[in-house]
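One structure is given here, and the rest of the page talks about it.
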Amino acid sequence: MNYEHVLIWSAPAFVLLIIIEMIYYRLHPDESASGYSVRDTAASLTVGSGAALVDVLYKAIALAGFVLLHELTPLRIEVTWVTFPLILLAQDFCYYWMHREHHLVRLLWAAHVVHHSSRKYNFSTAVRQPWTGLTSQLFFIPLVLAGVPPWAVFLSGGINMISQFWLHTDRIGRLPRPIERVINTPANHRVHHASQGDYLDRNFGGILMIWDRMFGTYAEEAERPVYGLTKNIDTFNPLRVATHEYAALGRDLARADSWRDRLGHLVRRPGWQPRTPPPATGPAAAPPGNADG
């Protein structure tokens, strides 16, 4: 079973769980939870369907590149019951850095922001995925160069993604502390989706939280998260949801005064703007004129 088969067979289960959670919210309403709305859920499902379609192309491109690199490297790792858990662990490590950089580099954020654009937090949010996901695959090249077969890279990636579906819910509270500190849980991932300052850019791990604890990006859930973006887009149009940050990035690039500023817009943190020089004051600010008056 390869990566695509894992996701294809999981799709009906995802839809069923979304329906079950919607019914549960209807039978047991909770005003403190974000809940569901028809337009938001429809947008998430539409965006997710589009992402699944274009992802076939991206995976085909990535697979071709991975196969080429795997042929070039002299290293080989045989996939067995002993080595596959280690491959999955290594994939999760690479996932942490992929996820982290997609929050900290604006060009990458333009793709990933789609997943954070909903103000709701429920199972349908899990399928709101980007339409431009090819950049994610670059971070798994080290696995291929280390000798991991491309199919095993994709399979471990599929397992990682599926394991994160259950994280997107308000209806599961905090689990025992030892579990929260080691693996990704709904409480840990709620922090990741929150837009408060203390929660921003935290809890990037996929399956495990140990990477966040090692590299200083872990935060426990304390105050109730406020979901969405620091500047929300106020639209349910799937096309705008999928492309709004690219449009904003394009506007900033067009307004930039230098190539250095354009590069800054592409590779620096989301929200970065060139430093505006302070207005000149005093005699030096006076326009040139006739010295005789």
Side-chain angles (χ1 to χ4, degrees), residues 1-11 47-80 83-116 126-165 204-208 211 215 242-243 245-246 249-250 253 262-263 265-268 270:
M1 179 182 292
N2 62 26
Y3 175 89
E4 297 298 336
H5 290 157
V6 169
L7 294 185
I8 289 172
W9 286 105
S10 300
V47 171
S49 299
L53 291 175
V54 297
D55 204 46
V56 174
L57 173 62
Y58 295 142
K59 291 303 185 302
I61 295 173
L63 178 61
F66 284 3
V67 169
L68 176 60
L69 293 174
H70 191 256
E71 290 298 319
L72 293 175
T73 181
L75 302 176
R76 288 293 181 269
I77 295 178
E78 183 181 359
V79 181
T80 67
T83 61
F84 187 73
L86 298 177
I87 293 172
L88 189 59
L89 180 67
Q91 193 277 342
D92 196 53
F93 177 76
C94 293
Y95 178 91
Y96 168 84
W97 287 105
M98 179 277 293
H99 196 182
R100 177 170 172 165
E101 293 307 302
H102 274 71
H103 275 255
L104 302 183
V105 176
R106 190 180 180 191
L107 180 60
L108 302 180
W109 173 244
H112 186 63
V113 67
V114 176
H115 184 58
H116 288 262
V127 303
R128 187 183 284 220
Q129 296 292 330
W131 291 1
T132 51
L134 184 59
T135 54
S136 300
Q137 300 305 317
L138 299 175
F139 291 82
F140 303 107
I141 289 176
L143 297 178
V144 180
L145 295 178
V148 178
W151 69 265
V153 175
F154 285 133
L155 178 59
S156 57
I159 293 172
N160 198 323
M161 292 300 296
I162 290 172
S163 74
Q164 295 183 50
F165 181 85
F204 296 113
I207 298 174
L208 300 174
W211 316 122
F215 298 110
T243 63
E245 184 60 19
Y246 286 111
L249 177 57
L253 292 174
R262 294 185 183 97
L263 182 63
H265 283 303
L266 290 171
V267 303
R268 301 191 71 157

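Both backbone and side-chain heavy atoms feed into the values below; hydrogens, waters and symmetry mates do not.
Panel note: side chain Tyr58, backbone Thr135; no donor-acceptor pair is recorded below 3.5 Å. The main-chain N or O of Glu78 is found under 3.5 Å from a side-chain atom of Thr83 such that the two form a donor-acceptor pair.
Under the 6.0 Å cut-off for aromatic ring centres, His102 and Trp109 do not qualify, their centroids lying 6.0 Å or more apart. With ring centers used as reference points, Phe154 lies under 6.0 Å from Phe66. Two rings, from His70 and Trp151, have their centers 6.0 Å or more apart.
The aromatic rings of His112 and His99 sit perpendicular to each other, their planes meeting at more than 60°, with 30° as the lower class boundary. By the 30° and 60° cut-offs, the orientation of the rings of Phe204 relative to Tyr96 is perpendicular.
Phe215 is listed as a side-chain neighbour of Trp97, based on a closest heavy-atom distance under 4.5 Å. Using a 4.5 Å heavy-atom threshold, the side chains of Leu89 and Leu208 count as touching. The closest side-chain heavy-atom distance from Leu88 to Ile207 is below 4.5 Å.
Contacts of Tyr246 classified as ring-ring contact (aromatic ring centres under 6.0 Å, His included), with partners at least two apart in sequence or in another chain: none.
Across every non-hydrogen atom of Gln129 and Val114, the tightest pair is O-CG1, 3.7 Å. The minimum heavy-atom distance between Cys94 and Phe139, with the atom names listed, is CB-O, 3.5 Å. Of all the heavy atoms in Leu63 and Pro150, the pair that sits closest is CD1-CB, 4.0 Å.
The structure places CG of Leu249 at 12.0 Å from OG1 of Thr243, a figure rounded to the nearest 0.5 Å.
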